[in-house]
Amino acid sequence: MVYKKVMDPVKQAAKESKSRRLTNIERSSYFARREAAKVLKSVLQGDANRRAVGSIKTLVYSPSIRNKKATFALVCQTLKYLPIIKDVLEIANVLNSKWKRQVELMYIITYDILFGQDSSLTGDPEKYLILRKSQLQSALAKILLKKGAKRIEDLMSQYKIPDVKKPRYVRVNTLKLDVETAVSELSKDNMVEKDDMIPDLLVLPPATDLHNHPLVTNGSVFMQGKASSMVAVALAPKPGWEVIDACAAPGNKTVHLAAVMKGEGKIIACELNKDRVKRLEHTTNLAGATNVEVLHENFLNLNPEDELYSKVRAILLDPSCSGSGTVADRLDYLLPSHSHTSGDGNGGDVGRLLKLAAFQEKALIHALSFPGVERVVYSTCSVHQIENEDVIKSVLPFAASLGFHLATPFPQWARRAQHLLRTDPVEDKEGFFIALFTRSPESPQKVERGSLDNLKHEAVGKCDCHKKFLRVLPFTRISRLYLHRNLVMHGR
Ligand SMILES: C[S@@+](CC[C@H](N)C(=O)[O-])C[C@H]1O[C@@H](n2cnc3c(N)ncnc32)[C@H](O)[C@@H]1O
């Protein structure tokens, strides 16, 4: 068999566009289709291997993509219709091995022909599929008939394709700009409202593109979601306090803390990952947050007894998590893997969740161990109970032994189990979890070093979240998970 080398679609596009004078519209949509095909290929390959290659947005907003707006729209729309497009191409049976080698481009062109604007479809692959338009249309008609759907919208709901539209939230960085000026500047081109709960948070219509807006590029406002903006406000450190942001990069919550503290006092922003430390430094410089000290360190290695941390009164702990609540933000809900979650409701990746929960629990216990601390906020962008309520439940006895109790951040927020606050991935368009521990500043409980270590050791062994999972998991997976959990919990 002879394999022909497939030319990079973008290079091929440049060659083809030279061979005939294209109009500007033709040329830009022609290139957008090639750029979209490249992004789509990375996204689908990453999704198939369950390996994050970067969110759709990150890939589209990389410097190599020229026509970002059109490329982003094409990738999203094609992904939205992808299950239908795949069925159409299979029934129409029009792709031979040559075209299958650039199947992502064929998906994009099929989207344009069937659901988009096929008016400027120049290029060889486009011509090939345009000539077969009637076969594509009759395959679509067959699917509609088979599913008993009259309109494409009915078909979309049968394919369970969601339409998640999230407002664009913008947090005003009050270290640099006041809210009224931000509102009047942004109102020049957009509809702007103030959020009813978070001071300094503005709400704009979904899909408002502010990436290149001067207020964003100069750090006067940050594109930060509502749930993420609740965390620093829940911790509510006073100006002048010393605070630790335990897992800080890229630093959105760090600089929000700095704004809440009016730039006064000190924030120790701790980050383990070297590359992410650079992002953290960039964010703090952009925000003009001069009271932030960036620390490249493992939070678990900070010694609570060290004199350096004796004045720390609040800790924000936003540890690494599964990120399952941000699927709408990352547009992951459009990816094929999201349409087939496993029966346990955890995307079939319970082992990973258990590992994350073990770290989250350890980090929370560590945060509660700093002797002068009065307030600890724990947050995740996960929807999984094992990373949220179960972590809190497992550390509660330890927290109580140090005089902490659970407080109620944002009492007006309805979605919660008693003190524990949740945001919902469908209703609120992002799934977040926030818990707040407080203790009275007059009576931080003093515990001897030796007994603190004992309490910590006992607490780490106590979490019973794995038992809940064992009840819902198929019998064959029980022993493997139980073993795994014990290994992780005891660091073996
Ligand atoms: C969810 S992100 C934090 C997001 C951040 N709070 C924000 O709002 O921009 C978690 C961060 O914790 C860092 N991290 C993970 N384990 C850590 C550890 N043991 N010590 C310090 N940082 C850690 C990760 O590298 C990651 O940057």
Side-chain angles (χ1 to χ4, degrees), residues 52 54-55 58 169-171 173 198 200-201 219 221-235 237 243-260 267-287 289 292-304 309 312 314-327 329-330 352-353 355-370 376-384 387-388 391 423 430-436 460 488 491:
S55 72
T58 327
Y169 286 100
V170 165
R171 186 181 61 75
N173 174 18
I198 311 290
D200 315 336
L201 192 67
V221 303
F222 280 78
M223 293 197 288
Q224 190 171 345
K226 175 161 176 159
S228 160
S229 305
M230 286 177 173
V231 183
V233 178
L235 188 65
V243 176
I244 295 178
D245 186 353
C247 295
N252 291 320
K253 298 185 186 76
T254 317
V255 296
H256 192 184
L257 281 174
V260 170
I267 300 166
I268 301 161
C270 178
E271 171 56 47
L272 178 66
N273 181 297
K274 195 173 160 200
D275 291 330
R276 290 174 66 85
V277 165
K278 289 192 195 120
R279 286 188 65 190
L280 177 59
E281 283 167 342
H282 172 78
T283 312
T284 51
N285 289 336
L286 183 67
V292 175
E293 272 180 21
V294 172
L295 180 64
H296 178 203
E297 185 53 272
N298 183 342
F299 171 61
L300 300 176
N301 287 344
L302 306 193
N303 179 2
Y309 308 117
V312 172
I315 296 184
L316 188 154
L317 175 62
D318 185 37
S320 299
C321 71
S322 62
S324 53
T326 59
V327 289
D329 232 10
R330 293 170 46 93
R352 178 171 168 251
L353 292 183
K355 209 169 169 180
L356 285 165
F359 168 70
Q360 292 155 350
E361 197 183 302
K362 245 187 187 166
L364 182 52
I365 286 170
H366 195 63
L368 294 164
S369 311
F370 284 74
V376 174
V377 76
Y378 172 82
S379 62
T380 74
C381 52
S382 163
V383 293
H384 299 305
E387 296 179 88
N388 298 331
V391 169
T423 65
E430 56 186 340
F432 246 78
F433 175 83
I434 302 175
L436 175 66
V460 167
V488 171

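All residue numbers in this chain count up from 1 along the given sequence. For ligands, and for the atoms within them, numbers begin at 1 and follow the listed sequence.
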Report task. Taking only heavy atoms of Pro319 into account, list the atoms of ligand 1 that are under 4.0 Å away from them. Result -> 1 (C), 10 (C)
Query raised in the report: Which of the numbered atoms in ligand 1 are below 4.0 angstrom from a heavy atom of Asn273?
Result: 25 (O)
Requested in this report: Starting at CZ of Phe299, measure out to SG of Cys270 and round the result to the nearest 0.5 Å.
Outcome: 7.0 Å
Query raised in the report: Distance-only, no hydrogens or angles: does the Asp318 side chain make a donor-acceptor pair with backbone N or O of Ala248 under 3.5 Å?
Result: no
Query raised in the report: Going by the order shown, which atoms of ligand 1 are within less than 4.0 Å of some heavy atom of Ala248?
Result: 5 (C), 6 (N), 7 (C), 9 (O)
**Report entry** Leu272 N/O to ligand 1 N/O under 3.5 Å
**Finding:** yes
Query raised in the report: Leu201 and Val170: side chain to side chain contact (heavy atoms under 4.5 Å, CB included), yes or no, with the steps?
Result: CA-CA 6 Å; Leu201 192 67; Val170 165; 6.0 Å; no
Requested in this report: Could you find the nearest protein heavy atom to atom 4 (C) of ligand 1 and give me its residue, atom name and distance?
Outcome: Ala249 O, 3.1 Å
Query raised in the report: Starting from atom 20 (N) of ligand 1, which protein heavy atom do you reach first, and at what distance in Å?
Result: Phe299 N, 2.9 Å
Query raised in the report: Looking only at heavy atoms, what is the nearest atom pair of Glu387 and Thr380, with distance?
Result: O-CG2, 3.8 Å
Query raised in the report: Do Val233 and His256 touch side chain to side chain, with heavy atoms closer than 4.5 Å?
Result: yes
Query raised in the report: For Thr254 and Ile267, which heavy atoms make the closest approach, and how far apart are they?
Result: O-CD1, 3.8 Å
Query raised in the report: How does Ser228 reach ligand 1, by side chain, by backbone, by both or by neither, if only non-hydrogen atoms under 4.0 Å count?
Result: neither
Report task. Using a strict 4.0 Å cut-off to heavy atoms of Glu297, name the atoms of ligand 1 that fall inside it. Result -> 20 (N), 21 (C)
Query raised in the report: Which residue from Asn298, Asn252, Asp275, Thr254 reaches closest to atom 18 (C) of ligand 1 through any of its heavy atoms?
Result: Asn298
Query - Protein contact of atom 25 (O) of ligand 1 - nearest heavy atom, named by residue and atom, plus distance - result: Glu271 OE2, 2.6 Å
Report summary line: min-distance protein heavy atom vs atom 8 (O) of ligand 1 -> Lys253 NZ, 2.9 Å
**Report entry** Within 6.0 angstrom of Arg279 CZ, more than 12 heavy atoms from elsewhere
**Finding:** no
Query raised in the report: So which heavy atom in the protein is nearest atom 15 (C) of ligand 1, and how far is it from that ligand atom?
Result: Ser320 OG, 3.2 Å
Requested in this report: Give the minimum heavy-atom separation between Tyr309 and Asn303, together with the two atoms involved.
Outcome: CD1-O, 3.3 Å
Report summary line: ligand 1 to Phe359, heavy atom cutoff 4.0 Å, flagged ligand atoms 16 (N), 17 (C), 18 (C), 19 (N)
Report summary line: Residues Phe432 and Thr423: closest non-hydrogen pair is N-OG1, 2.7 Å
Report task. Report the part of Cys381 (side chain from C-beta onward, or backbone N, CA, C, O) that has a heavy atom under 4.0 Å from ligand 1; answer both or neither where that applies. Result -> neither
Report task. Return a yes/no value for Asp318: is any of its N or O atoms, backbone included, closer than 3.5 angstrom to an N or O of ligand 1? Result -> yes
Report task. Report the nearest protein non-hydrogen atom to atom 27 (O) of ligand 1: residue, atom name, distance rounded to 0.1 Å. Result -> Arg276 NE, 2.5 Å
Report summary line: Judged by heavy atoms only, the candidate from Cys247, Ala246, Pro250 nearest atom 12 (O) of ligand 1 is Cys247
**Report entry** Leu317 to Gln360 - nearest heavy-atom pair and separation
**Finding:** CD2-O, 4.4 Å
Report summary line: From the list Leu257, Val376, Leu295, Val312, side chain to side chain contact (heavy atoms under 4.5 Å, CB included) with Ile244 holds only for Val312
